[in-house]
Amino acid sequence: MTFDNLITGWAEAVKFGPFVQGDLLDREALDAAFVEYQPVAVMHFAALSQVGEASREPGRYWRNNVLGSLNLFEAMVDAGCKHIVFSSTCATYGDQDGVVLDEQSGQIPLNAYGSSKRAVEEVLRDFRLSHGLNAVVFRYFNVAGADPDAEIGEWHQPETHLIPLIIQAAAGKRDALTVFGTDYPTPDGTCVRDYVHVMDLVDAHIKGLELMLEGNVNRVFNLGTGSGFSVKEVIAECEAATGLQVPHRLGPRRAGDSAMLVSGSRRAEVELGWIPQRSTLRHMIEDAWRWYQTNGYSA
Ligand code: UDP
């Protein structure tokens, strides 16, 4: 069963099982869904997740992300549902001087997206101690790509994420992309991110869920590849993959951005047996491009 308020999601993206339109801030709707569907486990992806917006509207982020999660965890406890996979983020780490981040790295977020997600991790720790709620927490790095069959892809309204914006600019569907900041302490001055294919993330979620259901595991895992790419490198790779020019201009920094976020994912490899299979930059861009050519032009 999928539960979503459709503020940023799409009902058409729900391909399997029943769909309930509801809001995590609506406790009655949540309770009704738990009574009707009796889930054994929950995967909690729901959140506001844009860095720029979070820096402008922190209250909205705290209310939606933290209170919504708190409602969900209380509803789980009351319904006797003990297992949760929670989507956290590398944005909880903030800026750490170019080091590769592992799960023990300090969490000093630079924006309300990261701090609200860090707060939810803390709520989960308390719920484990007091209510025995088991949690696998995944700190995603930058999710990219699309379903290889081009059925489901990345589609936000408005779009704010780098790879879909680049693709739309290359396709002539939007004006030039702005590169946010060229004076970061990185090799070419633009921000460096660790991009991971959405299908590799799916594999990690299945592995995490299985591990938790087998042994009541409580664990935090980074999900990234260990390789970082600058904004300029992503643009160049898109041009190579599509054969199109990406019109872009250099602009000022965006509030709330870290210079570099690159994952050490050894723990996921050793403990989950998770090894990304599709997360080369080229592969992610090709899948995103194929999805856009199949679906995006008409949207
Ligand atoms: N970015 C950019 N121009 C844009 C959108 C994003 O230069 O129009 C940069 C952004 O500053 C960041 C990287 O691309 O360094 C990835 O941003 P995105 O919003 O896709 O993901 P985030 O890192 O915020 O989760």
Side-chain angles (χ1 to χ4, degrees), residues 8 45 47-58 61 65 87-96 98 100-101 107-118 138-146 153-171 173-198 201 222-225 227-239 246-263 279 281 284-285 287-289 291-292:
T8 57
F45 309 99
L48 297 171
S49 64
Q50 294 174 22
V51 166
E53 186 182 71
S55 298
R56 292 191 300 274
E57 302 177 71
Y61 271 64
N65 293 357
S87 308
S88 188
T89 169
C90 61
T92 61
Y93 292 120
D95 238 343
Q96 313 228 2
V100 170
L101 302 158
Q107 288 178 291
I108 314 157
L110 298 184
N111 56 65
Y113 170 51
S115 48
S116 62
K117 287 284 187 175
R118 184 187 62 179
F138 286 131
R139 293 186 188 142
Y140 303 169
F141 282 65
N142 283 60
V143 187
E154 194 171 355
W155 188 250
H156 305 102
Q157 280 300 11
E159 188 54 74
T160 64
H161 290 101
L162 183 64
I163 291 178
L165 285 176
I166 288 177
I167 283 177
Q168 289 170 24
K173 282 287 179 176
R174 66 166 56 238
D175 295 339
L177 170 97
T178 303
V179 175
F180 293 147
T182 52
D183 59 348
Y184 284 98
T186 58
D188 67 17
T190 66
C191 291
V192 170
R193 294 286 181 275
D194 181 338
Y195 295 86
V196 57
H197 197 297
V198 63
L201 237 65
N222 280 354
L223 295 180
T225 66
S227 298
F229 296 94
S230 72
V231 175
K232 284 185 177 171
E233 285 172 323
V234 177
I235 292 172
E237 192 69 8
C238 272
E239 290 185 335
V246 176
H248 61 279
R249 64 175 90 86
L250 306 179
R253 291 183 178 198
R254 177 177 69 176
D257 263 338
S258 309
M260 177 171 157
L261 290 167
V262 178
S263 170
S279 292
L281 193 53
M284 289 184 277
I285 291 168
D287 283 351
W289 178 228
W291 180 83
Y292 187 81

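Along the sequence shown, residues are numbered consecutively beginning with 1. All ligand and atom numbering here is 1-based and tracks the order in the structure.
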Which atoms of ligand 1 have any heavy atom of [X] under 4.0 Å away?
X: D257; answer: 10 (C), 11 (O)
X: V179; answer: 7 (O)
X: L177; answer: 8 (O)
X: T160; answer: 5 (C), 19 (O)
X: T178; answer: 2 (C), 3 (N), 4 (C), 7 (O), 8 (O)
X: N142; answer: 16 (C), 21 (O), 22 (P), 23 (O), 25 (O)
X: C191; answer: 15 (O)

Are any side-chain N or O atoms of [X] and backbone N or O atoms of [Y], one a donor and one an acceptor, separated by less than 3.5 Å?
X: Y195; Y: G145; answer: no
X: R253; Y: D183; answer: yes
X: Q107; Y: P109; answer: no
X: N111; Y: G256; answer: yes
X: T92; Y: S88; answer: no

What part of [X], side chain from CB on, backbone N/CA/C/O, both or neither, has a heavy atom under 4.0 Å from ligand 1?
X: Q50; value: neither
X: L162; value: both
X: T89; value: neither

message = Is a donor from one side chain sitting under 3.5 angstrom from an acceptor on the other, for Y292 and D287?
response = no
key: Pick from F180, Y195, Y184: the one approaching atom 16 (C) of ligand 1 most closely through a non-hydrogen atom   = Y195
task = Just go through H161, R253, R254, K232 and tell me whose heavy atom is the nearest to atom 24 (O) of ligand 1.
result = R254
inquiry  = So for atom CG, which belongs to D175, do other residues, nucleotides or ligands contribute more than 12 heavy atoms lying within a distance under 6.0 Å?
reply    = no
query = How close does the nearest protein non-hydrogen atom get to atom 9 (C) of ligand 1, and which residue and atom is it?
reply = V231 CG2, 3.8 Å
query = If you measure every N/O of L165 against every N/O of ligand 1, is any gap under 3.5 Å?
reply = no
message = Using side chain to side chain contact (heavy atoms under 4.5 Å, CB included), reason through L201 and Y140 one step at a time and then give a plain yes or no.
response = CA-CA 8 Å; L201 237 65; Y140 303 169; 3.8 Å; yes
key: D257 bridged to R193 by N-O distance under 4.0 Å   = yes
